[in-house]
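Dumping the structure here so I can ask a few things about it.
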Amino acid sequence: MRTLGNLLVTGGAGFIGSAFIRRVLANPAFTGTIIDLDAMTYAGNLDNLAGVDPARHVFVHGDILDGQLVEKLVDEHRITTIVHFAAESHVDRSIHGPGTFIQTNIVGTMRLLDAVRARPHVHFHHISTDEVYGSLGKDGIFTETSPYLPNSPYAASKAGSDHLVRAWGRTYHLSTTMSHASNNYGPYQFPEKLIPLMILNCLEGKPLPVYGDGQNIRDWLHVDDHADAVWRILERGEAGQVYDIGGGNEWKNLDLVHELVRLVAELKGEPVDTYRQLITFVKDRPGHDLRYAIEGEKIARELDWRPTYDFVAGLRATIQWYLANPAWIERVKTGAYRQWLDTNYATRS
Ligand code: NAD
Ligand code: DAU
């Protein structure tokens, strides 16, 4: 069992990083402090961390590309473990502008690894994605030994960062672990990704844009299950090992959108047709991967971790969260969440 002191979490104001911070700070097994380094891109939202204990969550506005800042934080806060979530994460944005993906995802990861290289007592956990394995056909499943076949600039940049983690670990004898997760869903997800976009568009009566024929398949994982899996790896994962984290929960996009529509109608007490008629087929995403699916046997066998969420219950709770949090939605839609410097959060930096 690894001893977890103070953690440096990168990208902790994003969707998954903030879920991880909320979970870890609520876990009595963790007694340390979290230093949260985030550049506050469009995806960073400190509203995601409202309510966390400021004494145990030190927010630092800064870029992982700033190696000196990273080194200073590791030394000043006696960091034992870096948990690296920070990334440009949206495939469609990577198609329109790959440059920042290369900078943050590859060069930024190298800066963090170089900080660890000079401080080999620090453990480094890298958050990666199943997209590095490319696309499955109708059959097959990803495992930790699947070949790297990335198809989007985003996936290629994550694959590049994975290779750096492996190479730095082997060459410089660093303590590293890495995980590849499938598609996450849950509260606080930025409404550019499929599930929150569809929920918000339903609520506003806007078209629900389904790319291509909607037959692409994703394996959905609740963000809290992901956070728990990462915690398990931090505590018990063997240095040098890679773990895949899946939901065991494959859905065709079109079926998922129909399920969302059904649930929104149920929760709003309105006829399903009100929302079903919004489904609109649009031009496909270039290089659109057909199917992702994770086997997940290694993490179950070695670390006794399995997903716990029932998907339909998780989706219903996610929709209920968006319905119960109009202020969060409003601040995202108006851009007010970007005015964080003028708010009380500024005192956290
Ligand atoms: P997100 O886009 O919601 O959040 C990313 C966070 O990183 C934001 O807070 C942003 O401000 C920050 N950031 C971006 N560039 C930075 C930089 N240069 N320096 C410091 N901070 C920076 O992303 P997410 O969905 O929470 O994903 C987190 C991680 O999980 C990513 O590494 C992503 O590749 C991986 N992942 C995501 C999913 C998913 O379904 N969302 C699935 C598997 C893996
Ligand atoms: O598999 C893990 C990956 O999952 C993560 O590494 C990425 O960070 C995360 O963004 C996600 O990538 P996807 O491209 O699978 O997620 P997205 O929500 O963008 O799209 C899910 C599916 O829905 C995909 O097949 C494209 C489709 N889609 C998406 C949007 C935004 C639509 O049909 N319409 C849409 O408007």
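As the structure is a prediction and not an experimental result, all values here were calculated from the model. In listed order, ligands and their atoms are each counted from 1. We're numbering straight along the sequence, starting at 1. What's counted below: heavy atoms across the whole structure, side chains too, no hydrogens, waters or symmetry copies.
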Which part of Y154 is near ligand 1, with near meaning a heavy atom under 4.0 Å away: side chain, backbone, both or neither?
side chain
D63 versus ligand 1: do any nitrogen or oxygen atoms come within less than 3.5 Å of each other?
yes
Does even one non-hydrogen atom of A19 get within less than 4.0 Å of ligand 1?
no
Q189 to ligand 1: N or O pair under 3.5 Å?
no
Answer side chain, backbone, both or neither: which part of L197 comes under 4.0 Å from ligand 2, heavy atoms only.
side chain
Less than 3.5 Å between some nitrogen or oxygen of S128 and one of ligand 1, yes or no?
no
Would you mind checking which non-hydrogen protein atom is closest to atom 11 (O) of ligand 1, with the distance to 0.1 Å?
D38 OD1, 2.6 Å
Any idea which of E88, R218, E192, R285 brings a heavy atom closest to atom 17 (P) of ligand 2?
R285
Do me a favour and list the nearest non-hydrogen protein atom to atom 26 (O) of ligand 1 with residue, atom name and distance?
I16 N, 2.8 Å
What protein heavy atom lies closest to atom 12 (O) of ligand 2? Include the residue and the distance to one decimal.
E131 OE2, 2.7 Å
Hey, are R291 and E250 close enough for a salt bridge, meaning a charged N less than 4.0 Å from a carboxylate O?
yes
A86 N/O under 3.5 Å from ligand 1 N/O
no
Any N or O of T104 that comes nearer than 3.5 Å to an N or O of ligand 1?
yes
For ligand 2, the portion of N183 having any non-hydrogen atom under 4.0 Å away:
both
Any heavy atom of N183 closer to ligand 1 than 4.0 angstrom?
yes
